Amino acid sequence: MASEQAAEVPKTGNSLEDRISQPDDATSGAPQASNTSTSWADEVASSTQNDDAGAANKTQDTSIPQTDGAPSALGGTDLHEPEYNVNVKLSDLQADPNNPLFSIKTFEELGLEPAILRGLTMMNFRKPSKIQERALPLLLNNPPTNMIGQSQSGTGKTAAFVLNILSRLDLSTPEMQKSPQALVLAPSRELARQIVGVIQVMGSFVEGLVVGTAVPADTHSRPSRLECSVVVGTPGTVMDQIKKRIFLTQRLKVLVLDEADNMLDLQGMGDQCIRVKQLLPKTVQVVLFSATFPTHVHRYASKFAPGANEITLEHEDLTVEGIKQLYLDCESDEDKYNVLVKLYGLLTIGSSIIFVKTRQSAQEIEKRMTAEGHTVVSLTGGVEGSKRDDTIDKFRSGEAKVLITTNVLARGIDVSTVSMVINYDIPELHDPTSRQRKADCQTYLHRIGRTGRFGRVGVSISFVANREEWQMLMAIQDFFKTDITRIDTRDWDEVEEIIKKTIKNPRSHANYSQEQ
DNA sequence: AAAAAAT
């Protein structure tokens, strides 16, 4: 199995506990500026930025300093992952200092079947990304151990859990090929379908592999039995099909929650995930992946995946280097629309996603822009399933280049051509007890992570129309210790120049073809 | 508060 190069094994235990116990909530201390100043715009003007001296030498880590500019998920040679520290905590079972589960540098070291390696080759995956180097040996080891894995958006989490699934399937008989052995749960229909696509491509050469999708159907026609080896779905539908014995779970070996923090945290979905898990064999390997694991969810996660090996990051390390974060002032909510149209008047580069707060405003903006001759599409949860499928497919193919959407697509969606993300509204959380709006840092990170994938560059532009929005954005900047730079809308030539300069030179290797 | 997810 795993590598011979046993390398230095990390001191296990200690570090992580300390880390999870530190306060995690930047927004709680809302941006100082508090008092009576005249307007948010003034504050903006006077805040000449960047107190962030702390960012640089913030973390001293007992864990492993990471590899020298290793190529990203795809192994394209000029794609770089930036430096950051990865915290690894091995389960008690695997806390043996001699274990070889430390890290692998090539896929070949994993002892995968030739058919799986061929799939990787075909996808142009030459070298493992950082998360793959560390997670794969732990995932693939026997006996199977649970895992909680965190890494930045666009660094290959999906490929990591798919490899684990493919290598654990027993497809030796027709009966086994039709027996679900792995289940992946995702928080949206679109993400579930995307994951199905990845499994199919990576598993192209795996004999007898059948992948099934369990998302709400528009029709009431229902199969009597789910005859596939891997199932990918959304929690409600999966639950439903298990209860109706359409989906037989007794041979299930692996359960993956993608975007696990979201799945477990969301009211309704968390319960369903727990209930689904209760209906699976107790021996199932539980694998949780996300770019974010806020403290309060991490607690649930550890219960849901007991004894898990963990790979976690500091939140300073979560922003992706290739994503340039900008913001624009708008005079009012209504003015946001004018700014948006102006922006699109001077930019037609690649594909872009516009995130808004509500389904209704997504629809409205789509209508208005369409009426003015722009070609845009919108996708929200209010739309019929098959229509959603059409829309996302059009966006993936490039037929539609501008997508207006809500948080439904904030997570996981991988479309390599997306070079710009717009936060038309700053993502916010509502605290029911204090009845206050707070910045939703996690969602912000996931949204901007729709661009800049696998070492590419991208730009995010947030619209700020009032003091609250500006405060939320500054809270996000503080939380991730990153830079969100203001650009001046009084000079549109400059706006254009800044954005074009950023998106130019997109280093866009077309070597990751999971979307098609 | 809005969004997603089951019917």
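In what follows, chains are A, B, ... by sequence order, proteins preceding strands, each numbered from 1. Just so you know, these numbers come straight off a predicted model, no measurement behind them.
When heavy atoms are screened at a 4.0 angstrom cut-off, A:R359 is found touching the sugar-phosphate backbone but no base atom. Heavy atoms of A:R411 sit nowhere under 4.0 angstrom from any nucleic acid atom.
A:Y444 and A:Q325 share a donor-acceptor pair across their side chains, judged by distance under 3.5 Å alone. Checked by atom type, the side-chain pair A:D261/A:S290 shows a donor-acceptor distance below 3.5 Å.
With sequence neighbours excluded, no residue forms a ring pair (Phe, Tyr, Trp, His ring centres under 6.0 Å) with A:F304. Looking at residues two or more places apart in sequence or on another chain, you find a side chain to side chain contact (heavy atoms under 4.5 Å, CB included) between A:E428 and A:K357, A:R437, A:M472.
Between A:F463 and A:Y424, the ring planes lie tilted relative to each other; the angle falls in the 30° to 60° range.
Read 5' to 3', the first and last nucleotides of DNA chain B with an atom closer than 4.0 Å to a heavy atom of chain A are B:dA1 to B:dT7.
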